[in-house]
Amino acid sequence: MQLLTPEGELASHETYSLTLTDAEYKLLYREMVFVRRLDQEATALQRQGQLGLWASSLGQEAAQVGSAFALEKNDFAFPTYRDHGVAWMRGVDPMKIMQVYRGVSNGGWDPFEHRCNTYTIVIGNQVLNGVGYAMGLTLDQSEDAVITYFGDGATAQGDVHEGFVFASTFDAPVVFFCQNNQWAISQPSEKFVKSPIYKRADGFGFPGVLVDGNDILAVIAVTRAALERARSGAGPTLIEAFTYRMAAHTTSDDPTRYRHENDLQNWKLKDPIERLKVMLARNGIADRSFFDAVGAEADTWGETLRASVRSMPEPPPESIFDHVYTEKHAVLDGQRAAFIDYHEGFADSGVH
Amino acid sequence: MQLLTPEGELASHETYSLTLTDAEYKLLYREMVFVRRLDQEATALQRQGQLGLWASSLGQEAAQVGSAFALEKNDFAFPTYRDHGVAWMRGVDPMKIMQVYRGVSNGGWDPFEHRCNTYTIVIGNQVLNGVGYAMGLTLDQSEDAVITYFGDGATAQGDVHEGFVFASTFDAPVVFFCQNNQWAISQPSEKFVKSPIYKRADGFGFPGVLVDGNDILAVIAVTRAALERARSGAGPTLIEAFTYRMAAHTTSDDPTRYRHENDLQNWKLKDPIERLKVMLARNGIADRSFFDAVGAEADTWGETLRASVRSMPEPPPESIFDHVYTEKHAVLDGQRAAFIDYHEGFADSGVH
Amino acid sequence: MTTELTMAKALNLALRTAMEADNKVILFGEDIGKLGGVFRVTDGLHKDFGEHRVIDSPLAESGIVGTAIGLAMRGYRPVLEIQFDGFVFPGFDQIISQLAKVHRRTHGSVKLPITIRIPYGGGIGAVEHHSESPEAFFAHIPGLRVLTPSDPQSAYSCLLSAIRSDDPVIFFEPKRRYWDKGVVDQTQAIAAPWQARILRAGSDVSVVAYGPMVKTALQAADASEYSLEIIDLQSLSPIDDKSIAESVARTGRLVIVHEAPGTLGLGAEIAARIGKSCFYNLVAPIERVTGYDIPYPPSKLEEYYLPDHDRILFAVDSVMEA
Amino acid sequence: MTTELTMAKALNLALRTAMEADNKVILFGEDIGKLGGVFRVTDGLHKDFGEHRVIDSPLAESGIVGTAIGLAMRGYRPVLEIQFDGFVFPGFDQIISQLAKVHRRTHGSVKLPITIRIPYGGGIGAVEHHSESPEAFFAHIPGLRVLTPSDPQSAYSCLLSAIRSDDPVIFFEPKRRYWDKGVVDQTQAIAAPWQARILRAGSDVSVVAYGPMVKTALQAADASEYSLEIIDLQSLSPIDDKSIAESVARTGRLVIVHEAPGTLGLGAEIAARIGKSCFYNLVAPIERVTGYDIPYPPSKLEEYYLPDHDRILFAVDSVMEA
Ligand SMILES: Cc1ncc(C[n+]2csc(CCOP(=O)(O)OP(=O)(O)O)c2C)c(N)n1
Ligand SMILES: Cc1ncc(C[n+]2csc(CCOP(=O)(O)OP(=O)(O)O)c2C)c(N)n1
Ligand SMILES: [Mg+2]
Ligand SMILES: [Mg+2]
């Protein structure tokens, strides 16, 4: 399903259509530019030793920004470690994302504040958590919906399928959003996915849709439709957003060991941001000056980001004992006390 | 898919057909009668306290006997705790099945002797084990195949789906044989299965087939076809055998709490054994005297079974330490020695 | 007000009480609706509270735990039933990687007040996977609390406390004691359950047991020529070693009893802590009376695996004779 | 013949050696083929042995373990790689309910010679789930053996022994020591690995460590004013408490070190056993230097969680001053 060709031409589709205001089109462009900039800054910061690791979203901006753009304020998103465009669109402060990859926090933000869960690293876990939240929405007769993200590699995990079963059983208002970026670290998806991912939904009793994941307009259209279906009580939808992981799996990965440069080149031609940019220009929605302004804005923003990451405060040592339990815990409280004594001991004795 | 109607009339089908010798038809009848008798004897023995538990195969004889009949000697079966007809057809001594439900052994037989795994109780586990064995067959370029059994309830488990993924990835020669007996303890399958089970295969890249599980001829035909496909290297097939659990889940279950008598009555009319019997009679393959002879044979056989169960020897206490490890194990060997000392101590002191 | 109840009925009453007190409390698990669970602990609740509060789940434990986490994020207090001890493991990943870590990961903004009820232990002549004692796995996981009652009263009180706790609680029910009767005082509901109880005072040997073994330990106390102090641990995480240490300070001797395999069972941690805190009080080595380091045996042989009062007395004698 | 190798290369060499010796040995896991595993332990083996011996698996740990069991039933000796410690849990059910029990269940007719390699432990500045020490879960499971090497030589010898064992072996690789170099004598391959090694003789305090903590313990021995006997456990199941007891009989003091949370960690079992067997030898309480009972902290704070040589010296002082 496609509404915007790689050449930036608007296409029409029998079931799906989307019309946005010029302001919205421009906003989408701006958001994608910032998400890409965030990714570039983080990648650079990791190289400079400012972050421990980074999982790049390069090339997946349309899938992430578009699907999250389709969400209402009260909808809830369950992202993975790579879905920076989703966190961004939910209003999560990028510095909080940096905290996770700098090793300052394992979560970074309050999921309720942005109705966006913290990143889930264990492949597939968040799919069940998201389905459960959606089951709660049904119990509450709420009009809200859930979107849960996962990758092509995750389609091998039991949890993802159990998520399908529970969602269809309870007609949970959830959208399963699979970004098929064609790689699970070194493994090409065609190796383990013998039938298109979106087709898997049918066997569980709900619809599956394939969408061009680099076409932000198409992504928004299908995600909106799926969310509407969920709100109406009709149950889940599986969306396969076909895209490409343009960077390494993470900054510690070396893709030259398992994939060819030319793949990358082909996909550069399908770049989601370029595609929208051409459309905006061709249809006179935005011009050079706008693109330059956004670029300049991103530059200054990037600078401040770099600075704040470098000066990010470290949490106090004894905070490792915080929030393990909500209530008093005799054993752990004792360990915390001993920990503080021990380190004060060193402080006094000047050792360390 | 049906080749024998509930009324015992032979039906034809565009893709599937089956012709057996009269001897084979009669054999199938006999096997089903004996499997049912085994089930009846075990149920009675449990009531008399001779078995700790029994999971009844009543009503599923055609699905179990038929699918196992389709296997070659070197094929490997991975049954569940309910698949007595499968174990029977693989030549497992019924006394060894009794051992498991009497609490004398957790396995009972040597899986290699009959190329039939011991019963798996943890729902779904055996599906992955069977797929792995099939992957080994591929590595060995063997012509053998695997059949792995599971129920409708099991289609909610992650392991079953991971089995689908691994099998399709490696084109493993495995047949997924799901007996949809419409109940998972107290849960009707329609509650969790929102699309027919056999349709799930398509989303994983292999074919799924629905078969009348009470029609032994149809079951044989589809299972043979699936096994041939597997041998040819074309990969797995999912078979949904639609049947009915005519007894309680196990002897400790009380179905009156959750299902109606009349369901049971309807399914009595679809009885797999009656159906074949009518066909045999109508087509002059077997007559009254044959049926009586089989019945009489089963009677005497049942008596000896009852007797041998009652006189089943108990394993020696210290055998609880056997076969935990294949090699010496300092800690456990020490525990075994202490165990023997301890109990000899009582023997001497006359206590206990 | 007090009543005589079986442990199963006491648990049922606790569930009912919790559900009446807070409509966010929901029950979720396999066959817990019309059937009332395979042990009937949820009997009648589906009828009285409806299918939106007593929810039959699909047959998938990772799914049960994983979706319960989402339900809790939505504000519910799910009480899960795992059908048997041996079937909790498909849900182990969600328990250790999410359930136990989410509160910490989110700096306290997400609470997961989830109770996972698990019938455990042997002695009922069951088939494989239906008689295991996996409590040590959970007591080793930071972020979880683990409780196990020993009689109808503690079943009632501890389950209410588990459901009211904002921390995830793994609640192990000694299935072979489900049918034992005892007096239940419903006003004891709020008793803090994270402490051990001294069920019988004694001067010679401190005997620590929990769950199904408490009754066995009490039988041993009746039969012993020595004066045994019987301590019901109740809370397996945190372990209330303070109460144990106070007792051992008096008796100088300790015997620990549980069904689970000895190696890295609860007895190991208790022995390690008391061996340190009571180093100068102990007059004899600490004895552990536990299951052996083997898979649970077929039921005809389980009596040889399970600690019984003879094995406890044997250990008591050895610490007395040390 | 001996060579200087990093631990990662020593493990690679052990795999190569095992695969050359027995063509039933196959490697199976995520990204172990062309990529050579995220730590490159299988580097080059895909190229040299082909995709039928070094098999990239789908991304599903239950699937990896569950199918490996079937492969073993077919006569293979699968060596599995779990990518990181925190990702073994989706496979936990297959490990505990099948892998550990099949041999026993089938009265010995089925053997499952499967080795599960798991890089574990912290200290590499990783994100969540990449620094855990779950060894105690597996050491509590009857039917499994658990090994962990501490240097290139033990890595080479123990991995070969694990692969040659007909029992399932969980093989924990101390990831932060992957890049440490050491001399490897390939003739030591057949050394029985189920025993602890005394790496340094000492007379004041016995210090038991394993995996990543062995190097830390040796550093402490260098820095200590006392004479420390450093024992490398190597085998976590079975635990070779005999060797430890012999050492403690000499020193009268014991300190146990590991990264895993203290409660129900290996230290608990060792302390319980030695507290009993050396009851009359111990002149001071047994000290445990372990991770705290918390989820592994974010990497910027891991240095405060991980036992270091200062914490070991602190414990040594306390047992000396007791
Ligand atoms: C249960 C589990 N196993 C292994 C890993 C290690 N791992 C992290 S990302 C990844 C690949 C995921 O691929 P995919 O699902 O396609 O998501 P992508 O990284 O492409 O966004 C793996 C194997 C993990 N995080 N969780
Ligand atoms: C992992 C797991 N969870 C729960 C159970 C308890 N249990 C035993 S049989 C059963 C129902 C199985 O239903 P189905 O798969 O349809 O097989 P059937 O019993 O109908 O043959 C359940 C829930 C189990 N054995 N394993
Ligand atoms: Mg991917
Ligand atoms: Mg069924």
Side-chain angles (χ1 to χ4, degrees), chain B residues 76 78 100 105-113 117-122 124-140 142 144 146 148 157-159 161-163 165-170 172 174 315 319-334, chain D residues 24 26 28 52-53 55-76 78 90-91 93-94 96-113 142-145 165-168 192 194-195 235 237-242 269 273:
Chain B
F76 216 109
F78 288 79
V100 176
S105 165
N106 286 335
W109 60 89
D110 173 354
F112 298 122
E113 186 184 345
N117 196 32
T118 54
Y119 289 165
T120 299
I121 290 176
V122 181
N125 281 181
Q126 76 285 357
V127 172
L128 279 167
N129 306 152
V131 168
Y133 191 94
M135 287 162 59
L137 291 173
T138 306
L139 290 176
D140 296 343
S142 160
D144 305 335
V146 168
T148 176
Q157 281 286 2
D159 274 13
H161 301 93
E162 294 187 11
V165 170
F166 280 62
S168 64
T169 297
F170 298 103
V174 57
S319 69
I320 64 176
F321 295 95
D322 294 346
H323 307 302
V324 177
Y325 296 95
T326 66
E327 299 155 11
K328 278 185 80 306
H329 187 287
V331 173
L332 194 57
D333 299 345
Chain D
K24 290 295 185 183
I26 56 175
F28 191 39
H52 295 305
R53 304 266 323 259
I55 308 170
D56 281 310
S57 75
L59 206 179
E61 289 72 13
S62 190
I64 292 169
V65 178
T67 55
I69 289 167
L71 283 159
M73 288 180 70
R74 181 63 195 175
Y76 286 89
D93 176 50
Q94 284 280 352
I96 190 168
S97 295
Q98 302 306 328
L99 183 62
K101 294 190 173 85
V102 164
H103 184 64
R104 159 93 186 123
R105 183 183 301 141
T106 60
H107 300 264
S109 44
V110 177
K111 293 189 174 109
L112 297 180
L144 300 179
R145 291 175 185 265
S165 171
D166 279 341
D167 292 321
W194 314 115
Q195 277 156 34
S235 173
S237 178
I239 295 170
D240 176 18
D241 45 287
K242 204 166 136 296
E269 183 62 31
R273 290 193 197 173

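Chain naming here is simple, since letters A, B, ... match the order of the sequence lines and numbering starts at 1 in each.
Annotation: maximal heavy-atom pairing with chain D below 4.5 Å, among B:V131, B:V146, B:V122, occurs at B:V122. Interface remark: of the candidates B:V324, B:N125, B:D159, B:N125 forms the most heavy-atom pairs closer than 4.5 Å to chain D. The greatest number of non-hydrogen atom pairs below 4.5 Å with chain B, out of D:L71, D:I239, D:I69, is found for D:L71.
Under the rule for a side chain to side chain contact (heavy atoms under 4.5 Å, CB included), the partners of B:S168 that lie at least two apart in sequence or sit in another chain are A:K194, B:F206. For B:D140, the salt bridge (charged side-chain N to carboxylate O under 4.0 Å, His left out) partners are D:K24, D:R74, not counting sequence neighbours.
Residue D:P238 is tested with B:V331, B:D333, B:L332 for a side chain to side chain contact (heavy atoms under 4.5 Å, CB included); the sole match is B:V331.
Both the backbone and the side chain of B:L137 come within contact range of chain D, with heavy atoms under 4.5 Å apart. No part of B:T138 comes within reach of chain D, as not one of its non-hydrogen atoms sits under 4.5 angstrom from that chain. The parts of B:S105 that come within reach of chain D are both its backbone and its side chain, each placing non-hydrogen atoms under 4.5 angstrom from that chain.
In this structure a side-chain-to-backbone donor-acceptor pair under 3.5 Å is present from B:Y325 to D:L144. When atom types are taken as modelled, the side chain of B:N106 and the backbone of D:R105 share no donor-acceptor pair closer than 3.5 angstrom. No donor-acceptor pair closer than 3.5 Å links the side chain of B:N129 to the backbone N or O of D:G70.
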query: When you look at B:F78 and D:M73, which way does the side-chain contact (heavy atoms from CB on, under 4.5 Å) test go after all the steps?
result: CA-CA 12 Å; B:F78 288 79; D:M73 288 180 70; 4.0 Å; yes

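A distance of 12.0 Å separates NE2 in D:H52 from CE in B:M135, rounded to the nearest 0.5 Å.
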